Amino acid sequence: MVDLTEEVKREIGQHFVFGFHGYTASDDIKTLIRDYYLGNVILMKRNVESFEQVQALTRELQQIAKDAGHERPLMIGTDQENGLVSAFSSTKAGTQFPGAMAIAASGSPDLAEEVSAASGKEMRLAGLNWVYSPVADVNSDPRNPVIGVRSFGDDPHEVARYAKAVSRGLTSAGLAPSAKHFPGHGNTHIDSHLSLPRILVDKTGLTQTELVPFKELIANGVASVMTGHMALPLVTNDDVPCSLSKVITTDLLRGELGFKGVVVTDCLEMDAVAQNYGPEGGAVLSLQAGADIVMICHRYDRHVGALEATYAAVQEGILSLETLRSSGARINAMKDTFTGSWNNVLSSSFDSDQVAATKREHELLSRRAYAATIAKIRDPHGTLPLSKAGSAVLFTPRMESINLAVDDAEGKLRDKEGRIRNTAGPSYEAFAGAIARTLGVPVQHVVYAPGDELPEGLLLTLRDAQSVVFATRNGYERGAWQLEFLAKVMQSADPRRTVLVTTCAPYDILYWEDVGVPCVATFEFTVPALAAATAVIYGEAEARGTVPVRRGAASVGNH
C-alpha cells in the first residue's frame, strides 16, 4: 500500500488539466490548485472577456500556484485552432484568423506559419503557454460532424505540411503546441462528444493515412500530442477508446512512433468516454495507458472524483507511482521550456499600447490571410462578379448546433422551451452588413429553415433583385434541406444574378455539380471570412483559394 503523502498528491496533481467557469479564478479552481496541487489549467471561451482580463486571470492563477508551493508554474492552455474553434478570439481579446481548411485553401504553409506565430504572440502576451493545436486529423469522411473544416484537408501529406507549419509558428511564439486527435479523428461520421466512433481501419490503412501527419510532427519535435476518443477495433482488437488504450498510447505513439513529449487526453467528459467509464474511471485508465495529463474541462465534482480515483489507484498499486514520476519528468521538461520561471509568469504587466499595436498589425495580417482563402468552385457562365447596382437579397440558414467544439454559450441557439431560434446569428448578420456597405443600399436578409416555403411577396422581390446571395452551412447529407430550399429560390431567381456561398465544409457544393450558378467557398462562417467572400462576389477582390478536399472520401470505414 502506497502512503498518500503530500509529495505523492503533488505529483498526481501535475497529471491533470482542468477547466472552470468565470472571468476570474473561481473558488473551485483555487481549491484544485491550492489543495489538490493541480498543475495545469484550460481556459475556454467562457473564461475570455478581454485581453486585459485574460492576462490578469493567468497571473492570478499563477500566483495561487506559487503561494500553494508548486515547484513550477502552471501550464495554461486553450483551444485556439483559429477559424471556428478560437477560444481566445473576440473583439476585445485575440485576433480572428482563418482556421485549418481555410488556410490550406490559400496554398501557403508559410502563411499558415505566419498566422500561427501571430496568434501565438497574442496568447503569450496574455499569459497562455499551451495551445491545443494543430489539428492533424485527415478529414477522409465528408460526413464528419466534428472535424470537417477543422482539418487541413483529405490528403495526409498536405495535412502534414500545414500542421507542421502551425506547430512551428506556435512554438516560435513560445507556446507548446498539441497535435490532435491521435491517432486520427477524420474518418468517421460520429461525433465523439456524443458517442464513441468505431473506425474500421486496419494498421496498414492507419499508417498510410492517419499517422502520416503525426509522424512528421513528432519528427519535427512537437511538444505534446492529444489522444482522441475513437475506437480502432482492427488495430487494438477491442472497443476501448484510443485515449484509454495502452496499445495506442504506449505501444503505438511512444513505442513505434518514438514520441518523447507530453501526451494529453481530449476531455474525458465527452460521451465517448463518459458514457461507459465516467471521467473518474477514464482518468485512471488513461494514465495506466500511458497518458501524461488527463483533461476534464467542466465539472468540479468530476475533477475531485478523478483525482480521488487516482489517489486510490496509486495507493492500491493499480497505478504505478514510479511510472507517474517518469511521466512527471516529461511534464516538468515541457514546463521548463514553455513557462520559464516564476518571475517570468508573475512580473509581466498589461501594456495596453503594446497590445493595441500588436492587434493593429495582426488585423492587417488577418485580412490578407482571409483574402487568400476564398475559393471559386465553379462559375459555369462567367457571371462573377455580380453587379453592385440595384437591390440584393441574402439567404442564410437558421442557426444550428454544429458540434460542441464549435458551439458556445448555451441559450443563443435555443429559447427557454428548448426550441431552436430562427435567427441568423452574428456572423450572417455581419454578412448582410458587408453586402449592404458594398452596394450602398439595404439588403433584404432572409433566414430560412427546414420545410420553409417562399412567401409570395418574396418571389416578386427575387425576380427584381440585381443580386441574390444564397449561403449554405454544411448542406451535405444531414443539411440537404438547405439545397432543397435553394431549388425553390432558383425557380424565381435569375441564375445570372445569383451566387451560392458554401460557408463551412464545401462538400455540399462539390457534390451538387449541376447547379447552374457561380459557387464560392469560405470554409468557415466567421465575420472576416464572409467579408472576404463579399469582396469576391462583387468584384473587389479575386478568388485566389483552392478547395483542399476532393469530391468524396478516399475511404470510409466506420460505424
Side-chain angles (χ1 to χ4, degrees), residues 135-148 150-151 179-214 225-257 259 263-297 302 305-306 309-310 313 318-319 323 403-405 553-559:
V135 174
D137 303 307
V138 181
N139 201 65
S140 305
D141 191 332
R143 302 166 297 174
N144 198 318
V146 67
I147 303 300
R150 298 168 65 199
S151 166
K180 62 188 185 185
H181 307 82
F182 187 84
H185 206 318
N187 192 13
T188 180
H189 64 280
I190 303 297
D191 184 347
S192 54
H193 291 91
L194 306 177
S195 59
L196 178 67
R198 296 178 74 249
I199 302 178
L200 302 182
V201 176
D202 62 16
K203 186 69 172 294
T204 300
L206 197 71
T207 301
Q208 291 173 345
T209 301
E210 280 81 3
L211 295 184
V212 171
F214 289 102
V225 169
M226 178 182 286
T227 50
H229 307 322
M230 70 294 289
L232 291 173
L234 302 184
V235 177
T236 63
N237 295 316
D238 56 35
D239 281 339
V240 173
C242 291
S243 50
L244 313 186
S245 171
K246 186 172 185 290
V247 173
I248 297 298
T249 305
T250 296
D251 300 347
L252 179 59
L253 181 54
R254 293 274 186 225
E256 293 184 39
L257 301 190
F259 180 58
V263 176
V264 59
T265 71
D266 206 346
C267 178
L268 297 189
E269 285 171 292
M270 293 163 64
D271 281 347
V273 169
Q275 281 178 346
N276 291 327
Y277 305 93
E280 301 83 0
V284 173
L285 289 170
S286 59
L287 291 169
Q288 287 176 326
D292 297 303
I293 296 177
V294 171
M295 180 182 289
I296 302 175
C297 296
R302 288 173 164 174
T310 305
I318 297 169
L319 182 61
T323 299
N403 61 62
L404 291 175
S555 63
V556 175
N558 55 73
H559 289 172

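In this chain, numbering begins with 1 at the start of the sequence shown. Predicted model, so just to flag it, every value in this text is computed and none were measured.
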For the pair [X] (side chain) and [Y] (backbone), establish whether a donor and an acceptor sit closer than 3.5 Å, ignoring hydrogens and angles.
X    : Y    : result
T250 : A289 : yes
T265 : M295 : yes
D271 : A274 : no
D292 : V264 : no
S151 : D137 : yes

What I'd like to find out is whether the side chain of [X] reaches to under 4.5 Å of the side chain of [Y], using heavy atoms alone.
X    : Y    : result
P183 : L253 : no
Q288 : I318 : yes
D251 : K246 : yes
V212 : V138 : no
I147 : H181 : yes
K180 : R150 : yes
F214 : L252 : no
E210 : M230 : no

Closest contact, heavy atoms only, [X] versus [Y]:
X    : Y    : answer
A313 : V284 : CB-CG1, 3.8 Å
D266 : M226 : N-CG, 3.6 Å
L211 : F182 : CD2-CE1, 3.8 Å
H229 : V273 : ND1-CG2, 3.4 Å
A283 : L268 : N-CD1, 3.4 Å
T310 : A306 : OG1-O, 2.8 Å

Going from [atom1] on [X] to [atom2] on [Y], what distance comes out if it is rounded to the nearest 0.5 angstrom?
X    : Y    : atom1 : atom2 : answer
D202 : T207 : CG    : OG1   : 8.5 Å
T236 : L244 : OG1   : CG    : 11.0 Å
M270 : L196 : CE    : CG    : 10.0 Å

Under the side chain to side chain contact (heavy atoms under 4.5 Å, CB included) rule, what do T209 and N187 come out as? Steps first, then yes or no, please. CA-CA 10 Å; T209 301; N187 192 13; over 6 Å; no
Check R198 with D239, please: is the shortest side-chain N to carboxylate O separation under 4.0 Å?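 Yes, D239 and R198 are salt-bridged.
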Residues that F259 engages under ring-ring contact (aromatic ring centres under 6.0 Å, His included), provided they are two or more places apart: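 Counting only residues at least two positions away or on another chain, F259 forms no ring-ring contact (aromatic ring centres under 6.0 Å, His included).
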Applying side-chain contact (heavy atoms from CB on, under 4.5 Å), can you list everything that pairs with E280, at least two apart in sequence or on another chain?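 Testing E280 for side-chain contact (heavy atoms from CB on, under 4.5 Å), a comparison that skips the adjacent residues, returns R302, A309.
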Can H185 and V135 be said to form a side chain to side chain contact (heavy atoms under 4.5 Å, CB included), step by step? CA-CA 10 Å; H185 206 318; V135 174; over 6 Å; no
